[in-house]
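Every heavy atom of this structure was used, including side-chain atoms; hydrogens, water molecules and symmetry mates were not.
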Amino acid sequence: VQLQASGGGLVQAGGSLRLSCAASGRTFNSFRMGWFRQAPGKEREFVAAISWSGTDTRYGDSVKGRFTISRDNAKNTVSLQMNSLKPEDTAVYYCAADSRTALINIYYFRPSEYDYWGHGTQVTVSS
C-alpha cells in the first residue's frame with residue numbers, strides 16, 4: 001500500500017486546511033485509517049482514526065471539535081478537515097493504514113498499530 005498525503009501549508013491561526021491522503025495498492029476499503037502528527041522534538045501524536053465504512057471515528061483530545069476525518073472508498077482517499085487552527089497544531093501530518101483491521105479497536109491511537117505510512121505533509125500555523 002502506498003499512501004500520499006497532500007494539502008499542507010502555511011495558515012494563520014483561526015484558519016482552515018484540508019489534508020488528503022491517496023491510497024494505492026491493496027484493498028483500501030478494508031483498512032482502518034488514521035492521521036498522526038509530529039512536531040519537532042516531540043513524539044508522534046494521534047490525531048484521528050476512521051473505520052472502513054466511515055461510520056466510526058475517533059479524535060485526539062487536542063483536536064476534538066475542530067478536526068473532522070472522512071473517507072471516500074470509491075476514490076481511495078481519506079481526508080482531514082482542520083478548522084480553527086492553532087499554532088500548536090504546527091507539525092508534520094502523516095496518514096497511516098492498518099491493513100489488519102477495518103474497525104476502531106482499543107488500540108486505534110497507537111502508531112505501532114498501523115503498518116503503512118505516507119511521507120507526511122507540513123502544516124504550519126502562524127500566530
| task | Please report the shortest heavy-atom distance between Asp98 and Asp115, naming the atom on each side. | result | CA-OD1, 3.4 Å

| message | Hydrophobic clustering (ILVMFWY, side-chain heavy atoms < 4.5 Å, transitive) - are Tyr59 and Met82 grouped together? | response | yes

| field | His119 side, atom NE2; Gln4 side, atom CD - distance, nearest 0.5 Å | value | 6.5 Å

| remark: Heavy-atom closest pair (Leu17 atom, Leu85 atom, distance to 0.1 Å) is N-CD1, 3.8 Å

| task | Mark yes or no: Arg58 above the aromatic ring of Phe109, with NZ or CZ under 6.0 Å from the six-membered ring centre and no more than 45 degrees from the axis. | result | no

| When hydrophobic residues are tied together by side-chain contacts of less than 4.5 Å, even through go-betweens, does Val78 share a cluster with Leu3? | yes

| said: If you count every heavy atom of other residues, nucleotides or ligands that lies below 6.0 Å from Lys42 atom NZ, does the total exceed 12? | reply: no

| field | Test ring pair (Phe, Tyr, Trp, His ring centres under 6.0 Å) applied to Trp35 and Phe67, step by step | value | CA-CA 11 Å; Trp35 285 97; Phe67 290 11; 9.9 Å; no

| task | Begin from the C-alpha positions of Val47 and Leu80 and carry the test side-chain contact (heavy atoms from CB on, under 4.5 Å) through to its verdict. | result | CA-CA 9 Å; Val47 175; Leu80 185 69; 4.0 Å; yes

| task | Could you go through the side-chain contact (heavy atoms from CB on, under 4.5 Å) check for Arg18 and Ser79 one step at a time? | result | CA-CA 7 Å; Arg18 185 176 181 87; Ser79 299; 3.5 Å; yes

| request: Please indicate whether Glu88 has more than 12 foreign heavy atoms, meaning atoms of other residues, nucleotides or ligands, lying under 6.0 Å from its CD. | output: yes

| said: Just so I know, are the side chains of Trp117 and Pro111 near enough to count as touching, which here means a heavy-atom distance under 4.5 Å? | reply: yes

| query | Cation-pi between Arg32 and Tyr114: NZ/CZ under 6.0 Å from ring centre and within 45° of the ring axis? | reply | yes

| query | Going through the checks in order, is the side-chain hydrogen bond (donor to acceptor under 3.5 Å, both in side chains) test met by Asp72 and Thr77? | reply | CA-CA 5 Å; Asp72 185 338; Thr77 59; 5.0 Å; no

| Which heavy atom in Leu19 sits nearest to a heavy atom in Gly8, and how many Å separate them? | CD2-N, 3.5 Å

| Working for side-chain hydrogen bond (donor to acceptor under 3.5 Å, both in side chains), residues Ser126 and Gln12 | CA-CA 5 Å; Ser126 63; Gln12 289 188 332; 5.0 Å; no

| message | Check for me whether the distance between the ring centres of Tyr108 and Phe46 falls short of 6.0 Å. | response | yes

| Cation over ring, Arg71 on Trp52, under 6.0 Å and within 45°? | no

| query | Do Val63 and Tyr93 belong together in a cluster built from hydrophobic side chains that touch within less than 4.5 Å? | reply | yes

| query | Should the pair Lys86-Asp89 be classified as a salt bridge under the 4.0 Å nitrogen-to-oxygen rule? | reply | no

| task | State plainly whether one hydrophobic cluster holds both Ile104 and Phe31, where clusters connect Ile, Leu, Val, Met, Phe, Trp and Tyr through side-chain heavy atoms under 4.5 angstrom apart. | result | no

| message | Can you give me the closest heavy-atom contact between Ser62 and Arg37, atom names plus distance? | response | OG-NH2, 3.1 Å

| query | Which heavy atom in Ser112 sits nearest to a heavy atom in Arg100, and how many Å separate them? | reply | O-NH2, 3.9 Å

| query | Out of curiosity, Lys64 NZ to Arg66 CZ, how far, rounded to the nearest 0.5 Å? | reply | 12.5 Å

| Looking only at heavy atoms, which two atoms of Gly54 and Thr57 are closest? And how far apart? | O-CG2, 4.2 Å

| request: Could you tell me whether the side chain of Gln81 reaches within less than 4.5 Å of the side chain of Ser16, counting heavy atoms only? | output: yes

| Are the side chain of Thr90 and the backbone N or O of Val125 linked by a donor-acceptor pair below 3.5 Å? | yes

| task | Would you give the length of the straight line joining atom CG of Asp56 to atom CD1 of Ile69, rounded to the nearest 0.5 angstrom? | result | 11.0 Å

